[in-house]
Structure formats: C-alpha cells, structure tokens
Amino acid sequence: MNGLYTALMCSFDEKGNVNEKGLREIVRHNIDVQQVDGLYVNGSTGENFLISKEQKKQIFDVVNNEAGNDVKLIAQVGALDLDEAVELATYATDLGYNAISAVTPFYYKFDFEEIKDYYNTILDSVDNDLIIYSIPALTGVNMNLEQFGELFKNEKVIGVKFTAPDFFLLERIRHAYPNKLIFSGFDEMLLSASVLNVDGAIGSTFNVNGRRAKQIYELAQKGQIDEARDVQKVTNDLIAEILDNGLYPTIKEILKYKGVDAGVCRKPMKSLDPEGVTNAQHIADKHL
Ligand SMILES: CC(=O)N[C@@H]([C@@H](O)[C@H](O)[C@H](O)CO)[C@@H](O)CC(=O)C(=O)O
C-alpha cells in the first residue's frame, strides 16, 4: 500500500449532483497524467462531509469502475453515524477497495474509549484493513503516542494518515511502530515527513501537482535532500497561491483549465468569482 495517493476531488454540477463523466475524467487525469500510485476516495478533498450516503456509494462505484486495477484504492468511510460508517465500509470492501480509512469521530467530545469502540465496530463488520484518518485541525481530536498504540493493537489497523504539523509525534510513531504505515497528509510538509521515513502521502494538491509530489518523496528516499528541497520549494510556491485563492475551488478551476471537467464545489462551499477564476488560471500558467 506504500506510495503517493491523491485525495480525490469529485465533480459536482450546479445542483450538487455527482457529475459522473467529470469524476471519471478526474480519475483518469490522476492516473494517466499525475501518475500517482493510488486514490483516496471520499476524504475531505472529496467534500465527503457535505454529501449523502447514496452519493458516497455512487462515488465509490464510479471511481472503482474507472480505475479498475490501475492503482490502489482507499475508501474513506468515517461518519458520525456509525451505522453509516459500517455500511460504507462493507460497501467499499465488497467493491474490492484495497483498504478503508475512517476519520476520527468529531464534533462531540468523544473520549478515547469511544474512539476505540468506533474503530473496532467498523473493523468487526468488515474483512478489510483500515487506515486511521487523523486530522486534528479539522476534527479537534488529538491522539497521543499511547493512544495510537492502543488502536494499532488491532491488527486490521494497518496505519495512519497523519495530517498534523507535529513532527515530534510523527517521529515517535515511526520509531515505535515500524510495521505500521504512515501517510503524510500535508503536501506542503511532504519533504519533512519523507525524511522521517513515512510510507507515502495522501494529498489534495496531487490532483494537479502529483508528479512533483512523487519526485519529492522519491528524492528523499534516495537521500537526495538538496534536490528534494528544490522541488518542495516550487511546490510550496504553488500551494501558497492555491491556499490564498481558496483550496478546493482553485484546484477544481485548475483542473478545468487543463481540460478536466471538475465541476463546482458543494454548497455551502463557495465557488470562485470571476477574479478567483482568473487567479486560478494565472496560478496554473505560472506554476504548472
Ligand atoms: C484539509 C485538507 O484538505 N488536507 C489535505 C492536504 O492535502 C491539504 O489540502 C494540503 O496540504 C494543503 O494544505 C489532505 O490531508 C486531506 C486529505 O487527504 C483528504 O482529502 O482527506
């Protein structure tokens, strides 16, 4: 399962429906042009927390059908409705997804026993491996080394998508659990995470900048740190401007500019105004 996974965007039309043709184009662009090793489906970048259970299943279907066996597929199934998480985990597993992933339960202040029960409930119901999706900045859930260790005791928990700027904790997890997979979640910090020997990365900007991300990761693995730093610098020039203009709408606009029918974002996320669209096109001309 090692490697670089795009946190896949989804194409929606103005009414919020999944645009299947556009989604297929995004999948193909990531596989054929960005040449990533896998796709992380229905994560934050896929606007997962803005869509219905039926749409999540539809997206799992379309991506699986378009990608076939070309790349590895991870299905993010985490949901506050645990029954829904179990249903989605079963659904994606039956489709043949290589692994599932689940965001830590959020909004209510769940204690660690509740978080552990959430993961074990999902895992008891499916014959598949799971990658914890930890993103404290969005969920407010901060787990420490011992708590990751508790979750890792379940052999079906094969790793973590670590989206936090905490390199002390990342190093401690790497050292303590050499056999678990760690995927770096912040694209702008990929080199720093790669130096700590992560097993791969999952990122939103890989939808448009996957080839450079792969270069950073591979150069770091070969110990060519100066070269990797140069590519991270160019990458961060791009990411800084994307973040400034609005993360997901700008990535969608860049995809559209490159001929990929990426659609618009689901409300309440807003789409770009005409100035934002022009900015996105300038960003693409300048950096891609
Ligand atoms: C909140 C968010 O979108 N985080 C991204 C990053 O790729 C992030 O967009 C990027 O590093 C820019 O900050 C990923 O960690 C998210 C992700 O993998 C997902 O879509 O689930």
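Quick note: numbers below take in every heavy atom, side chains included, and nothing from hydrogens, waters or symmetry partners. Order of appearance sets the numbers: ligands from 1, and atoms from 1 within every ligand.
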For [atom], closest protein heavy-atom neighbour:
atom: atom 18 (O) of ligand 1; value: Lys161 NZ, 2.6 Å
atom: atom 14 (C) of ligand 1; value: Gly185 O, 3.4 Å
atom: atom 10 (C) of ligand 1; value: Glu188 OE1, 3.4 Å

Please determine whether any non-hydrogen atom of [X] lies less than 4.0 Å from an atom of ligand 1.
X: Ile135; value: yes
X: Tyr248; value: yes
X: Phe206; value: no

Checking contacts here: is it the side chain or the backbone of [X] that comes within 4.0 Å of ligand 1, counting heavy atoms only? Could be both or neither.
X: Thr163; answer: side chain
X: Gln76; answer: neither
X: Asn48; answer: neither
X: Leu138; answer: side chain

Pair [X]-[Y], side-chain donor/acceptor within less than 3.5 Å:
X: Gln232; Y: Asn236; result: yes
X: Thr163; Y: Lys161; result: yes
X: Asp187; Y: Thr205; result: yes
X: Asp13; Y: Asn19; result: no

Judged by atom type as modelled, is there a donor-acceptor pair below 3.5 Å linking the side chain of [X] to the main-chain atoms of [Y]?
X: Lys256; Y: Ile251; value: no
X: Gln76; Y: Val103; value: yes
X: Arg266; Y: Gly16; value: yes

Close N or O approach ([X], ligand 1; < 3.5 Å):
X: Tyr133; answer: yes
X: Phe186; answer: no
X: Ser204; answer: yes

**Fill in**
Taken to the nearest 0.5 Å, the spacing of Lys72 NZ from Tyr97 OH works out to 14.0 Å
**Request:** Check ligand 1 against Ile202 and write out every atom of the ligand that is under 4.0 Å from a heavy-atom position of the residue.
**Result:** 18 (O)
**Request:** Taking only heavy atoms of Ser44 into account, list the atoms of ligand 1 that are under 4.0 Å away from them.
**Result:** 19 (C), 20 (O), 21 (O)
**Request:** Measure up the Tyr40 and Tyr133 rings against each other and bin them: parallel (under 30°), tilted (30 to 60°), perpendicular (over 60°).
**Result:** perpendicular
**Prompt:** Below 4.0 angstrom, N of the basic side chain to O of the carboxylate: do Glu171 and Arg174 qualify?
**Reply:** no
